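One structure is given below, encoded as structure tokens.
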Amino acid sequence: MADRFFPNEMPDYIPETSGIISETADGLTKLLHLPFKSVCELLKNSALDLKDAVVRETWINSEKRVQDYTLYTGALGTAFLLFKAYQVISDKHDLALSSQIIKACDSASRASKNVTFICGRSGVCALGAVVAKQAGDEHLFSHYLSEFNQIRLPSDLPYELLYGKVGFLWSCSFLNKHIGEGTVSNSTMREIFADIIKAGRNSGKGRCPLMYEWHGKKYWGAAHGLAGILHVLMDMQMTTDEQEDVKSVLRYMIKGRFPSGNYPSSEGSESDRLVHWCHGAPGITLTLAKAYQVFGNKEFLQAAVDAGEVVWNRGLLKRVGICHGISGNTYVFLALYRITGDAKYLYRAKAFASFLLDKSQRLIAEGFMHCGDRPYSLFEGLGGTAHLFFDMIETAEARFPAYEL
């Protein structure tokens, strides 16, 4: 199991007022003792360099042709990163380049049957509309919104986040957040929401009131399972019965934790190996944190804190990405800091980001760390690291891409 992650030998917490560190200390130790703002300045410089490398490798070197249009591993992920850079740095060149890449993704995705934000057509249209609105291009904004409204969900669409109905529902919520409530009508969203609830109840008869399958497995994690589905459902207005169903599923999952505090990847799994956003404690921590914000139940806060300890102890993965890497796991501590205000979590986010800043290049070069099959992509590679580093600059606005609103 330990071959999946580096032992976390960093102190559990170092206060901001910890004093001067010896000049002979290694680079990571020095970073851990620097004030948060000082580390963020270094992260900003690295984020800008990484952003430029991502654009070069995924856009310029491909001669501005799009093979993979998706947010997950393709060109839309680069556009999303550029939009994040614009939000933080306010360089209009980033916004213009994001729009240019989205236009290419628009053309490349027209024949696609995938409809989600992360892996489908709705991500192109929703991000395109938001970027066009930000740029003040009303014609392009109207185009993307019209294209979004023409998307139809296949009757056999699954329910999970990456390829299913909640992945489209998230696109709707993204538009309403960034453009305005009612951009996608409540009736449209409510119809999809009701269908997801009904399907979950039909499959969840028994101990768990809602259950879903993807490729024959009842997954629990963020990418394909319960955590991701519940996370998106909690963005909606729910009846009392629907709220109780969601809370009961979360309690069922908490009760089904491994003795280690980690969570199974799927119903009945006894393999306690994965501490990823997609499977295991990290994605579930973000959902539990969301549940505490929505419902106010202290049991969900405590469960989120407990799962966060798993991420701290086993989350220094030998990969850089956000789906299954250190960058994604860092968002756990940013979320916990947001809901608790406890400086320990801000330090832990700084610690994971500092580990990436200080060690990842060398570890990748030496073959001890993996950059993903698409090494500059948003979800697998350094695109996600750049996004995290930008988010570290303004932690109040930090959100796991295409998951936290």
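Nothing here was measured: the structure is a model prediction, and the numbers come from that model.
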pair [X]-[Y]: side-chain heavy atoms closer than 4.5 Å:
{"X": "Ser360", "Y": "Thr385", "result": "no"}
{"X": "Cys371", "Y": "Leu382", "result": "yes"}
{"X": "Ile179", "Y": "Phe174", "result": "no"}
{"X": "His387", "Y": "Lys51", "result": "no"}
{"X": "Thr70", "Y": "Ile118", "result": "no"}
{"X": "Arg319", "Y": "Met369", "result": "no"}
{"X": "Phe368", "Y": "Lys318", "result": "no"}
{"X": "Leu161", "Y": "Ile229", "result": "no"}

- Under 6.0 Å from the six-membered ring centre of Phe390 and within 45° of its axis: does the NZ or CZ of Lys84 meet both?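 Because its charged atom misses either the 6.0 Å distance or the 45° angle limit, Lys84 does not stack over Phe390.
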- Dump the intermediate steps for side-chain contact (heavy atoms from CB on, under 4.5 Å) on Ile101 and Leu76, then the final yes or no. CA-CA 7 Å; Ile101 295 171; Leu76 194 68; over 6 Å; no
- For side-chain hydrogen bond (donor to acceptor under 3.5 Å, both in side chains), just list the numbers for Ser146 and Gln150, CA-CA rounded to whole Å, side-chain angles, deciding distance to a tenth of an Å, and then say yes or no. CA-CA 6 Å; Ser146 174; Gln150 291 177 45; 3.3 Å; yes
- Item | Residue of the set Asn8, Asp272, Asn329 for which side-chain hydrogen bond (donor to acceptor under 3.5 Å, both in side chains) holds with Arg314 |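 Exactly one candidate clears the test, Asp272.
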- Task: Apply salt bridge (Lys or Arg N to Asp or Glu O under 4.0 Å) to the pair Glu366 and Arg362, showing each step before the final yes or no.
- Result: CA-CA 6 Å; Glu366 294 174 353; Arg362 176 178 59 81; 3.3 Å; yes
So with a 6.0 Å cut-off around [atom1] of [X], is the heavy-atom count from everything else above 12?
{"X": "Lys44", "atom1": "NZ", "answer": "no"}
{"X": "Gln100", "atom1": "CD", "answer": "yes"}
{"X": "Glu191", "atom1": "CD", "answer": "no"}
{"X": "Gln237", "atom1": "CD", "answer": "no"}
{"X": "Lys92", "atom1": "NZ", "answer": "no"}

Is the shortest side-chain N to carboxylate O distance from [X] to [Y] below 4.0 Å?
{"X": "Arg190", "Y": "Glu242", "answer": "yes"}
{"X": "Asp106", "Y": "Arg110", "answer": "yes"}
{"X": "Arg374", "Y": "Asp68", "answer": "no"}
{"X": "Arg338", "Y": "Glu404", "answer": "yes"}
{"X": "Lys350", "Y": "Glu16", "answer": "yes"}
{"X": "Lys217", "Y": "Glu267", "answer": "no"}
{"X": "Asp195", "Y": "Lys165", "answer": "yes"}

- side-chain hydrogen bond (donor to acceptor under 3.5 Å, both in side chains) between Ser377 and Thr73: does it pass, once the steps are laid out? CA-CA 5 Å; Ser377 65; Thr73 51; 5.9 Å; no
Taking atom [atom1] of [X] and atom [atom2] of [Y], what is their separation to the nearest 0.5 Å?
{"X": "Ser109", "Y": "Glu147", "atom1": "OG", "atom2": "CD", "value": "8.5 Å"}
{"X": "Leu356", "Y": "Leu388", "atom1": "CG", "atom2": "CG", "value": "7.0 Å"}
{"X": "Arg273", "Y": "Phe5", "atom1": "CZ", "atom2": "CZ", "value": "12.0 Å"}
{"X": "Leu127", "Y": "Ile102", "atom1": "CG", "atom2": "CD1", "value": "4.0 Å"}
{"X": "Met234", "Y": "Ser173", "atom1": "CE", "atom2": "OG", "value": "12.0 Å"}

- Apply side-chain hydrogen bond (donor to acceptor under 3.5 Å, both in side chains) to the pair Ser46 and Asp49, showing each step before the final yes or no. CA-CA 5 Å; Ser46 181; Asp49 289 343; 6.0 Å; no
- After noting the C-alpha distance and the side-chain angles of Met238 and Asp245, does the key distance pass the side-chain contact (heavy atoms from CB on, under 4.5 Å) rule? CA-CA 10 Å; Met238 293 180 278; Asp245 280 351; over 6 Å; no
How far apart are the closest heavy atoms of [X] and [Y], and which atoms are they?
{"X": "Thr287", "Y": "Leu250", "answer": "CG2-CD2, 4.1 Å"}
{"X": "Asp12", "Y": "Tyr347", "answer": "O-CE2, 3.1 Å"}
{"X": "Leu175", "Y": "Thr183", "answer": "O-OG1, 4.1 Å"}
{"X": "Ile393", "Y": "Cys40", "answer": "CG1-O, 4.2 Å"}
{"X": "Tyr144", "Y": "Ala129", "answer": "CB-N, 3.6 Å"}
{"X": "Ile339", "Y": "Ala289", "answer": "CD1-CB, 3.7 Å"}

- Report the C-alpha distance between Ser185 and Thr188 in whole Å, list the side-chain angles of each, state the deciding distance to 0.1 Å, and finish with yes or no for side-chain hydrogen bond (donor to acceptor under 3.5 Å, both in side chains). CA-CA 5 Å; Ser185 71; Thr188 296; 2.8 Å; yes
- Query: Which residue pairs pass the ring pair (Phe, Tyr, Trp, His ring centres under 6.0 Å) test with at least one member in residues 233-273, sequence neighbours excluded?
  - Reply: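 Only Trp220-Tyr252 qualify under ring pair (Phe, Tyr, Trp, His ring centres under 6.0 Å).
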- With no hydrogens and no angle check, is any side-chain donor or acceptor of His276 less than 3.5 Å from a backbone partner on Cys278?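 The answer is no, because no donor-acceptor pair under 3.5 Å joins these two groups.
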- Message: Has Thr116 got a side-chain atom pairing as donor or acceptor with Cys119's backbone, closer than 3.5 angstrom?
- Response: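 Checking the backbone N and O of Cys119 against the side chain of Thr116, a donor-acceptor pair under 3.5 Å is found.
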- Check against side-chain contact (heavy atoms from CB on, under 4.5 Å), Ile254 and Phe300: CA-CA 9 Å; Ile254 294 166; Phe300 299 139; 4.0 Å; yes
- Under 3.5 Å side-chain donor-acceptor pair for Asp306 and Gln302: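 Judged by distance alone, the side chains do pair up.
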- Can Tyr337 and Thr395 be counted as having a side-chain donor-acceptor contact under 3.5 angstrom?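 No - no donor-acceptor pair under 3.5 Å links their side chains.
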- Query: Which residues satisfy the salt bridge (Lys or Arg N to Asp or Glu O under 4.0 Å) test with Glu160, sequence neighbours excluded?
  - Reply: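 Once residues adjacent in sequence are excluded, Glu160 has no partner under the salt bridge (Lys or Arg N to Asp or Glu O under 4.0 Å) criterion.
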- Query: ring-ring contact (aromatic ring centres under 6.0 Å, His included) with Tyr72: which residues, sequence neighbours excluded?
  - Reply: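 Phe379.
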- Indicate, with yes or no, if the rings of Tyr331 and Tyr403 have centres closer together than 6.0 Å.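 So the answer is no for these two rings.
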- Item | Proximity of His279 and Tyr219 rings by center, below 6.0 Å |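 They qualify: ring centres under 6.0 Å apart.
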- Query: Which one of Phe193, Phe148, Phe117, Tyr163 satisfies the ring-ring contact (aromatic ring centres under 6.0 Å, His included) criterion with Phe168?
  - Reply: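 For Phe168, the ring-ring contact (aromatic ring centres under 6.0 Å, His included) check succeeds only for Phe148.
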- Worked check of side-chain contact (heavy atoms from CB on, under 4.5 Å) between Leu226 and Met211: CA-CA 7 Å; Leu226 288 170; Met211 188 57 70; 4.0 Å; yes
